[in-house]
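In what follows, chains carry the letters A, B, and so on, assigned in the order in which the sequence lines appear, proteins first and then strands, with residues in each chain numbered from 1. None of these values were measured; they are calculated from a predicted model.
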Protein chains: 2
Amino acid sequence: MVEMTERKKGILKAVINEYILTAEPIGSRTISKKYELDVSSATIRNEMADLEELGYLQQPHTSAGRIPSDKGYRFYVDSLIDVEKIPENFEEMIRQKYLERKKEVQNIIQVTSQMLSQLTRYTALVASPSSTEYYFQHLQLVPLEGKKIIVIVVISSGLVQHQTLTLQHRPSREELANISRLINDRLQGLPLGKIGSEVFRELEKEIKNHSIFKELYRSLLTVLTQEELSQEWGKIHLGGATNILEQPEFSDLEKVKVFLKLFEQEDILRQLLNKIPAQGLQVVIGRENPLEEMKDCSLVVADYSIQDTRVGKMAILGPTRMNYPKVIAAVNFMAEVLSKVMREED
Amino acid sequence: MVEMTERKKGILKAVINEYILTAEPIGSRTISKKYELDVSSATIRNEMADLEELGYLQQPHTSAGRIPSDKGYRFYVDSLIDVEKIPENFEEMIRQKYLERKKEVQNIIQVTSQMLSQLTRYTALVASPSSTEYYFQHLQLVPLEGKKIIVIVVISSGLVQHQTLTLQHRPSREELANISRLINDRLQGLPLGKIGSEVFRELEKEIKNHSIFKELYRSLLTVLTQEELSQEWGKIHLGGATNILEQPEFSDLEKVKVFLKLFEQEDILRQLLNKIPAQGLQVVIGRENPLEEMKDCSLVVADYSIQDTRVGKMAILGPTRMNYPKVIAAVNFMAEVLSKVMREED
DNA sequence: TCTTAGCACTCCCCGGGCTAGAGTGCTAAG
DNA sequence: CTTAGCACTCTAGCCCGGGGAGTGCTAAGA
């Protein structure tokens, strides 16, 4: 019966570190030379054969070096990894980047995805905040030409949703002012999740004399309902989508196609992130992934918060042979910085 | 001295049509067989040699068939092409698609790029309206928590720009109402192009007692200045970016990389479209292209209008060997439909 | 003078076979 | 238990030659 020993762990770690760098199968000679383990290549060979038997390593073919298996990576991530440190001054630099853009949520998210992909050289996915924790702040009805009005809803932390609407007749300014005052009084401060048809029914009683309300109703509901909001909110920003092309494992055009097609379908990406129960930091390796297409990929996911409430996720997508120490550090770091920045926003 | 004849034109057209279909060099036999020109392959060979001398065709190497040169495509597009017809019922289908989404400008543009890429199986670029022809409609200042307010500007045809702003002190509701009324009175109906620092200076005199104005000033200017607006307005929507991968000329991964990188840089795409003086429909072939990277590509560009004013452009990007009859028809068609839909919006 | 059949020639593509090199597993000795 | 040595295996890269597609030229026919 083969068992795990400290030396085996050292060798496994060495193999994975080396493989992360080179993307080539690693032979016993390389290990015994580069890492001072003070044993000969023959010994390493024996140990590697054991590690293969244990399922941590595998051979692409006889007479080639070893590469890590998913199980090997898993063990590495769980027990062997030395997470990198992010240089002190990076936070300042990134804050600078945030300041350069208007402090709008969508911009912040976009900057985040860019930074994350630059930091890691992989592809970053960042989901904008999507949460029942948002609350209604202000409704504004602005008349346009003719019978059209624009419905603007301001939600906490500066999120704005708007929609144009054509009414049956041209509304007067007072009419609009009245109705928006009524609605504002009733809804102000309510969490979006609690705004349902009951609230509207109550409202309808109060303002049933305004025929506009019925027309507004549908519009408001769509603007406020999560599904509609999620168009903008759960929105996934991709950063460095083409970075994945730089990885040697994607030198095959067919594979690349599959991925880029995936990237074009936002809803799939959204589902992907949602399926992963990120609390803190989570690493999903190879076939652990919910999508078959991603069997050669890993995801490093973290969530970020506004005021201690988890509202969104971010992830790095890269090949299974990913620089985990670096990526884990980067994702952790960005999640923290983003959470801080979001808090300051409020 | 070799001269162009009707028969040469026929052969050139046949070669290009065939090459568009197969992406392989075309031999004389193929032409004499598939197209009933009633001459033997030997005659075709002579004619093709002439066409090569004239610069319309070229040979990848001796003893291969001919492929069209940029000049050949140019002649084809200018003089030989039979533009395809778009089926009658397509317009209805596309209108349906428009209706499915909220009738917001950004959504309309997105749908347009999707449709265009589906229609052609190439990559579509659609620039959102960007124009001095837009005019100011309404300003709204909404207080958020603390010292923050949100500045919302509604521009003609329902475009909305907004930005959050932190003031020196917490503003009162009346203060905000007053100042926005003053600004609205002054700016209402002004074309954005005419809103410059002079207007603001005048305004400043009127409302100098409101200390808020100075703080607002910068914010308003950025919201209203084109450069800032162009963030959203000149915004390029890509449709079917990965379609370009389906083309055999992009089976080389290096080429693909160049393109996908390009697609990630919106400003470059914007410049690209701006450099092309699209009035009606324009075809840019191969090296005629302003970007070196695109020497193997063609662009078919058209502009679209709102109320007879050209406000934006759309384009199809594909390999030089592109199905011009189809693409030209599609771009023309979508530009027209979009112009119609935009008009109905107002 | 233009067209066409015939033919020799050119060049690419593709598959087979061969070699060099890297890495292994096994054995036997330290 | 470790290690040196060795035979073995497998791949990547290279060269080579044949088949095929297509050409240009020539000379004969309309």
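Both distances falling under 3.5 Å, in either a Watson-Crick or a G-U wobble arrangement, place C:dG30 opposite D:dC1. The base-pairing partner of C:dT3, taking Watson-Crick or G-U wobble contacts with both distances under 3.5 Å, is D:dA28. When both distances must be under 3.5 Å, the Watson-Crick or G-U wobble mate of D:dG18 is C:dC13. Base pairing analysis places C:dG23 opposite D:dC8; the two distances defining the Watson-Crick or G-U wobble pair are each below 3.5 Å.
Side chains of A:Arg66 and A:Tyr19 form no contact here, defined as non-hydrogen atoms less than 4.5 Å apart. Counting heavy atoms from C-beta on, the side chains of A:Glu3 and A:Asp50 never come closer than 4.5 Å. For the pair B:Lys9 and B:Leu80, the minimum side-chain heavy-atom distance is below 4.5 Å.
Less than 4.0 Å separates DNA chain D from at least one heavy atom of each of the following residues of residues 34-64 of chain B: B:Arg45, B:Gln59, B:Ser63, B:Ala64.
Looking at B:Tyr122 and B:Gln247, their side chains never bring a donor and an acceptor atom within 3.5 Å of each other. Using a 3.5 Å distance cut-off with no hydrogens or angles, the side chains of A:Tyr324 and A:Ser298 do pair a donor with an acceptor.
B:Phe263 is linked by a ring pair (Phe, Tyr, Trp, His ring centres under 6.0 Å) to nothing, counting only residues two or more places apart in sequence or in another chain.
When DNA chain C is scanned in the 5' to 3' direction for atoms under 4.0 Å from non-hydrogen atoms of chain A, the outermost contacting nucleotides are C:dG23 to C:dG25.
Between B:Tyr76 and the options B:Ile20, B:Leu12, B:Ile285, a side-chain contact (heavy atoms from CB on, under 4.5 Å) holds for only B:Ile20.
Residue A:Ile67 contributes atom CD1, which lies 14 Å from atom P of D:dT11 at whole-angstrom precision.
The shortest distance between the side-chain N/O atoms of A:Arg7 and the OP1/OP2 oxygens of D:dT2 is below 4.0 Å.
Across all their heavy atoms, A:Thr123 and A:Gly240 have their closest contact at OG1-O, 3.1 Å.
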